[in-house]
Amino acid sequence: MFEKVLIANRGEIALRIHRACHDMGIRTVAVHSTADADAMHVRLADEAVCIGPPPASESYLNIPAIISAAEITGADAIHPGYGFLSERARFADIVAEHGITFIGPTAEHIRLMGDKIAAKDAAKRLGIPVVPGSDGPISNDEEARRVAKEIGFPVLIKAAAGGGGRGMKVANSAEQLAEALSTARSEAGASFGSDVVYIERYLATPRHIEVQVLGDMYGNVVHLGERECSLQRRHQKVLEESPSPVLTAKEREEIGGVVVKAMTTLKYLGAGTVEFLYENGSFNFIEMNTRIQVEHPVTELVTGIDLVREQIRVAAGEPLGYTQKDIAFKGHAIECRINAENSVTFAPSPGRVTSYHPPGGPGVRVDSALYSGYVVPPYYDSLIAKLIAHGATREECMRRLDRALEEYVIGGIDTTIDLHRSLLKDPDIKKGAYDVHWLERTMAARR
Ligand code: MV4
């Protein structure tokens with residue numbers, strides 16, 4: 001096992017990784033920007049190294065500074081968390097070149113899944129059902145017309161280097177195709193430095209359902225069920241739950257089996273998430289994430305498996321030590337992402353937290369690096385806390401979440417706690433009757 005892990009991240013996930021390491025008897029190194037000198041994980045880590053000024057490009061994305069910090073402190077592994085360097089294949093390569101273990105999948109698998117066309121092609125070959133579309137990049141208008149005619153309108157043009165929803169364009173008819181293609185191409189070039197695009201059939205009312213997997217170095221792969229992540233705003237998840245309110249145990253077992261078979265063939269190592277659009281009872285692969293995800297706690301609460309601990313164990317060469325039949329799904333879990341934002345306008349609200357009282361009691365978990373007196377810096381993502389509730393049933397889980405939201409006090413800044421309180425009261429949410437467009441449609445209607 002590793003003796004010392006460097007945590008190449010900040011905020012709640014840096015603290016989450018520190019806690020997993022501490023529980024495993026592993027010492028930790030925090031790296032931080034000057035803006036994060038007073039961060040909770042910096043205080044708790046065994047050692048801390050300042051790696052640069054506030055902008056992420058000069059600190060949390062500063063590869064030479066992070067590698068130097070690992071060498072100076074003698075860290076034998078680096079955990080990248082989510083965002084920042086977590087899905088940079090080049091970073092995983094550089095870490096390995098320095099004789100340090102990257103806690104994550106192989107650089108090769110990160111690279112494969114980062115290219116959305118290659119990822120889809122691999123998924124298809126591995127037997128995962130994919131959204132119907134072009135088999136590769138679209139070179140010209142004529143090819144776009146041919147593919148669109150084959151799969152039928154409406155179609156969606158996506159960037160091969162994209163993901164997360166940026167640079168997508170819908171074409172409802174052949175007339176709209178050329179313009180959608182050229183707009184998507186130039187946006188892709190400007191945002192991702194690659195104007196390679198591909199086409200898919202546009203699914204109008206899908207749900208976002210993702211399957212969590214874990215693999216070790218010995219060819220063992222398990223799935224840990226799914227997370228329903230359809231409640232999103234501007235491609236940012238707002239609330240996630242497990243299990244999905246719409247899947248049957250049979251559907252879970254089927255899609256889980258398909259994903260495990262594919263990831264076993266791929267020899268996937270570590271934690272990963274296979275994302276699907278679910279519509280009319282069928283799963284359509286869109287992307288795979290090769291990192292720990294923000295919403296991993298809902299899976300931890302329904303399976304009892306510590307995903308960050310497992311990431312560290314398998315990266316160190318330990319076998320999973322259990323098989324699919326050992327994994328049982330218990331109850332229901334929901335996570336609310338609490339952002340330092342106005343609950344109505346979503347305007348960012350950095351600043352000093354003047355009072356802090358986190359909730360507790362049965363079935364409540366808070367993943368947050370906040371404390372009273374902490375100053376939320378303006379430079380980074382506005383996620384400041386994740387409130388996760390667990391219950392025997394979805395109803396019990398929602399009642400506990402409601403109680404916890406009511407108890408939660410974060411003074412001095414605006415937060416999205418009130419947004420979550422109103423979501424939990426909504427009849428559609430109570431029924432689980434929502435798709436990926438529900439939140440934005442509902443908010444637009446209420447303004
Ligand atoms: C789609 C789609 C409809 N049809 N693909 C947006 C984020 C990116 N990961 C995939 N996205 C979508 N891909 C096809 N073929 C609709 C979306 C989409 C969406 C997906 C998941 C969660 C929220 C979303 C919000 C708008 C659009």
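Treat the numbers as computed from the prediction; the structure is a model and nothing was measured. Order of listing sets the numbers, starting from 1, for every ligand and every atom in it.
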Q.
Donor-acceptor pair, distance only, cut-off 3.5 Å: does the side chain of Ser343 make one with the backbone of Leu419?
A.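 Yes.
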Q) Just by distance, do the side chain of Lys120 and the backbone of Val131 share a donor-acceptor pair under 3.5 Å? A)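 Side chain of Lys120 to backbone of Val131, a donor-acceptor pair under 3.5 Å: yes, one is there.
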Q: Using distance alone, determine whether Tyr202 and ligand 1 share an N or O pair under 3.5 Å.
A: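 No - when backbone and side-chain N and O of Tyr202 are compared with those of ligand 1, no distance drops under 3.5 Å.
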Q) Checking side chain to side chain contact (heavy atoms under 4.5 Å, CB included) for the pair Ile286/Glu200: CA distance, chi angles, key distance, verdict? A) CA-CA 10 Å; Ile286 46 169; Glu200 283 182 350; 4.2 Å; yes
**Q.** Part of Leu203 with heavy atoms under 4.0 Å of ligand 1, whether side chain, backbone, both or neither
**A.**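 For Leu203, backbone and side-chain atoms both sit under 4.0 Å from ligand 1.
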Q. Is any NZ, NE, NH1 or NH2 atom of the basic residue among Lys250 and Glu254 found under 4.0 Å from an Asp or Glu carboxylate oxygen of the other?
A. yes
Q.
So is Met168 touching ligand 1 or not, going by heavy atoms under 4.0 Å?
A. yes
(Q) Tell me the closest heavy-atom pair linking Ile51 and Tyr60, and the distance in Å. (A) CD1-N, 4.0 Å
Numbered atoms and elements of ligand 1 in range of [X], under 4.0 angstrom, heavy atoms:
{"X": "Val131", "value": "15 (N)"}
{"X": "Glu200", "value": "5 (N), 14 (C), 15 (N)"}
{"X": "Leu277", "value": "1 (C), 2 (C), 3 (C), 4 (N), 5 (N), 13 (N), 14 (C), 20 (C)"}

Q | CA sep, side-chain torsions, deciding dist, call: Glu310, Arg313, salt bridge (charged side-chain N to carboxylate O under 4.0 Å, His left out) | A | CA-CA 5 Å; Glu310 295 306 282; Arg313 282 185 53 240; 2.7 Å; yes
Q: Name the closest protein heavy atom to atom 19 (C) of ligand 1, giving the residue it belongs to and the distance to 0.1 Å.
A: Val436 CG2, 3.9 Å
Q: Specify whether His223 and Phe329 have parallel, tilted or perpendicular ring planes, treating 30° as the upper limit for parallel and 60° as the lower limit for perpendicular.
A: parallel
Should one rank [options] by closest heavy-atom distance to [atom], which comes out on top?
{"atom": "atom 13 (N) of ligand 1", "options": "Lys116, Lys158, His208", "value": "Lys158"}
{"atom": "atom 18 (C) of ligand 1", "options": "Glu287, Glu275, Arg201, His235", "value": "His235"}
{"atom": "atom 23 (C) of ligand 1", "options": "Gln232, Lys237, Gln236", "value": "Gln232"}

